[in-house]
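Just below is one structure, and these are the notes that go with it.
Order of listing sets the numbers, starting from 1, for every ligand and every atom in it. Atom set for the values below is all heavy atoms of this structure, side chains included, hydrogens, waters and symmetry mates excluded.
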Amino acid sequence: MQRRTWGLHLLLLLGLGLGSWEALPPPCESQIYCHGELLRQVQMARLYQDDKQFVDMPLSVAPDQVLQRFSELAQAHNFSIPQQELQDFIREHFQAVGQELQPWTPEDWKDSPQFLQKILDPKLRAWAGQLHQLWKKLGKKVKPEVLSHPERFSLIYSGHPFIVPGGRFVEFYYWDSYWVMEGLLLSEMPGTVKGMLQNFLDLVQTYGHVPNGARVYYLQRSQPPLLSLMMERYVTQANDTAFLRDNLETLALELDFWTKNRSISVSSGGKSYVLNRYHVPYGGPRPESYSKDAELAATLSEGDHEALWAELKAGAESGWDFSSRWFVGGPNPDSLSSIRTSKLVPVDLNAFLCQAEELMSNFYSRLGNDSQAEKYRNLRAQRMAAMKDILWDEEKGAWFDYDLENGKKNLEFYPSNLAPLWAGCFSDPGDVDKALKYLEDSQILTYHYGIPTSLRKTGQQWDFPNAWAPLQDLVIRGLAKSPSARAQEVAFQLAQNWIRTNFDVYSRRSAMYEKYDISNGGQPGGGGEYEVQEGFGWTNGVVLMLLDRYGDRLSSGTQTVFLEPHCLTAALLLGLMLSLLPQ
Ligand SMILES: *[C@@H]1O[C@H](CO)[C@@H](O)[C@H](O)[C@H]1NC(C)=O
Ligand SMILES: *[C@@H]1O[C@H](CO)[C@@H](O)[C@H](O)[C@H]1NC(C)=O
Ligand SMILES: *[C@@H]1O[C@H](CO)[C@@H](O)[C@H](O)[C@H]1NC(C)=O
Ligand SMILES: *[C@@H]1O[C@H](CO)[C@@H](O)[C@H](O)[C@H]1NC(C)=O
């Protein structure tokens with residue numbers, strides 16, 4: 001059965017023309033980890049539950065030898081290698097996953113960081129102490145072999161140890177690391193943060209941008225740009241101006257990448273604007289999700305495969321992989337095959353860049369370089385004007401992704417619609433109250449276990465009913481910054497909801513998760529391409545931030561904060577009826 005399928009695959013490939021597979025360059029040069037027949041055969045044989053496993057395996061011999069022997073094997077079997085032989089081949093030429101990393105206990109980890117004392121609820125304080133312990137479990141260091149023989153690994157060497165998200169994610173990721181660093185700074189571990197920052201800066205020096213994560217198959221795509229913010233948080237906490245001075249040009253280089261490779265011009269009302277989008281013009285299935293991408297492509301006509309794969313990579317670059325947010329305007333807005341990430345101008349991406357431009361301007365003035373400070377001030381002003389004209393909707397009171405092809409905003413709810421509040425990227429102070437009203441109008445405050453990622457249930461992990469830690473932070477801190485007492489109170493209540501969900505699940509499972517399902521009283525999330533992961537870097541970071549900010553008020557108890565009047569009445573009635581039942 002299996003043999004025939006492979007033979008057929010090869011025939012199809014030869015018959016229908018390899019051409020379309022090569023229309024766009026591969027995600028990296030490696031003919032083992034990024035493209036080529038070996039990758040295709042192994043991933044399409046589905047030897048592992050998760051395609052990421054194979055592309056994370058180190059080689060035990062040089063890549064040339066592996067390729068040579070694979071070619072011999074394929075010929076010996078007339079290009080349809082039986083499953084057992086393929087497995088034997090991998091056992092002989094590859095090592096088990098994780099061999100290239102070693103556990104690492106951060107040197108600056110210490111007992112009892114100060115912020116724990118601010119947490120009054122004893123159960124929450126004990127929990128925070130356990131999360132603080134978790135940094136030791138999530139610490140990793142790359143073995144020196146990766147430096148001496150980089151060609152044998154998909155892992156990209158980094159000179160400094162780091163904290164990983166956890167679960168299947170044993171390497172570090174770009175935007176995850178920002179929330180991890182916030183947690184580390186509360187844990188009084190600036191040394192660890194500095195090392196992680198140095199790793200990112202080294203990547204910018206080598207590749208001109210920060211890849212999605214530290215694997216070669218992630219090289220040609222980035223993730224939401226938060227490097228300047230990471231720098232600001234570290235430099236402020238550690239008062240390390242020398243580090244800022246040494247690396248400011250590298251930060252500028254990273255922003256150049258977003259300008260040169262990810263800008264898009266938008267015309268509206270007779271004016272032309274420049275904003276940014278996620279866009280990854282590289283071909284082939286994602287190596288780490290190869291069989292899924294290939295299967296999905298098989299539902300479309302051959303000529304559409306490359307475009308689909310590029311849009312999937314752009315979806316991964318957005319950090320929201322995957323979400324109906326990127327399917328709107330497609331033929332089937334609930335289906336991944338409709339993905340069109342690069343056709344949308346995302347609110348959060350432009351808010352992040354707007355914030356980065358402000359930070360760069362401040363960095364340069366701090367170091368006395370006025371002309372550069374002015375340059376970034378101007379870039380920010382231009383972006384703010386564009387965001388106001390293209391993304392802001394005065395009637396709704398929020399910002400919305402802009403659809404480039406259909407020339408209109410996507411009015412669906414996503415927490416990212418409030419990212420400009422979080423990023424401080426708006427000029428009218430009244431916008432906060434409008435945004436609060438928008439949250440109420442969208443009925444978002446009726447969800448008691450966390451802010452949903454969207455209101456569409458598609459089975460994708462960045463959709464309802466999943467809720468993600470970084471998105472809670474975007475909304476909570478966006479509102480908390482406001483001078484309005486009501487916005488601040490809503491921020492607190494949202495924080496209380498999220499803390500309770502995380503704490504309840506932790507109490508039951510002794511684990512922190514990548515995402516939570518808020519539909520049934522709060523539980524680990526699901527959906528998407530892989531099983532929900534435990535760990536978990538950014539979730540822990542956000543919990544620590546909320547416990548630090550609201551430690552004097554948060555409670556581990558189960559009283560519901562947002563009880564709607566009609567629910568309250570129902571609950572009282574139910575209580576009354578129960579009390580009337582015969583004992
Ligand atoms: C090799 O495979 C091709 C296509 O599957 C088939 O036509 C051919 O007869 C096979 N040759 C041998 C020697 O098995
Ligand atoms: C960015 O664009 C330049 C050409 O303008 C190209 O050489 C480079 O490879 C691109 N970088 C990425 C990561 O796509
Ligand atoms: C920060 O460092 C500068 C020297 O770079 C020093 O003058 C200043 O006092 C330091 N500030 C704090 C709060 O430690
Ligand atoms: C400001 O920074 C730019 C870009 O790095 C540099 O070319 C210029 O010499 C700097 N000016 C001053 C006054 O330091």
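- Ligand 3 has an N or O atom lying under 3.5 Å from an N or O atom of Asn239, backbone or side chain.
- Ion pairing between a basic and an acidic side chain is recognised when a charged N comes within 4.0 Å of a carboxylate O; Glu37 and Arg40 show such pairing.
- Around ligand 2, the residues contributing at least one heavy atom under 4.0 Å from the ligand are His209, Gln220, Phe257, Asn261, Tyr282.
- Using a 4.0 Å cut-off between charged nitrogen and carboxylate oxygen, Glu317 and Arg262 count as a salt-bridge pair.
- A distance of 10.5 Å separates CD of Glu100 from CG of Leu59, quoted to the nearest 0.5 Å.
- Of the N or O atoms in Glu249, one or more lie within a sub-3.5 Å distance of an N or O in ligand 4.
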Show me the side-chain donor-acceptor pairs of residues 242-250 shorter than 3.5 Å, one per line, residues at least two apart or across chains.
from   : atom 1 : to     : atom 2 : distance (Å)
Asn247 : ND2    : Phe243 : O      : 2.9
Glu249 : OE2    : Tyr364 : OH     : 3.0
Thr250 : OG1    : Gln205 : NE2    : 2.8

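- Under the 30°/60° scheme for interplanar angles, the aromatic rings of His209 and Phe257 are found to lie parallel.
- Counting the atoms of ligand 4 from 1 in the order shown, those under 4.0 Å from a heavy atom of Asn369 are 1 (C), 2 (O), 3 (C), 8 (C), 10 (C), 11 (N), 12 (C), 14 (O).
- Checked for salt-bridge contact, Arg325 and Asp348 meet the test: a charged N lies under 4.0 Å from a carboxylate O.
- Salt bridge status for Asp56 with Arg168: absent, with no side-chain N to carboxylate O gap under 4.0 Å.
- Only one option out of Tyr178, Tyr173, Trp179 pairs with Trp175 in a ring-ring contact (aromatic ring centres under 6.0 Å, His included); it is Trp179.
- Note: no N/O pair closer than 3.5 Å links Ser371 and ligand 4 by distance alone.
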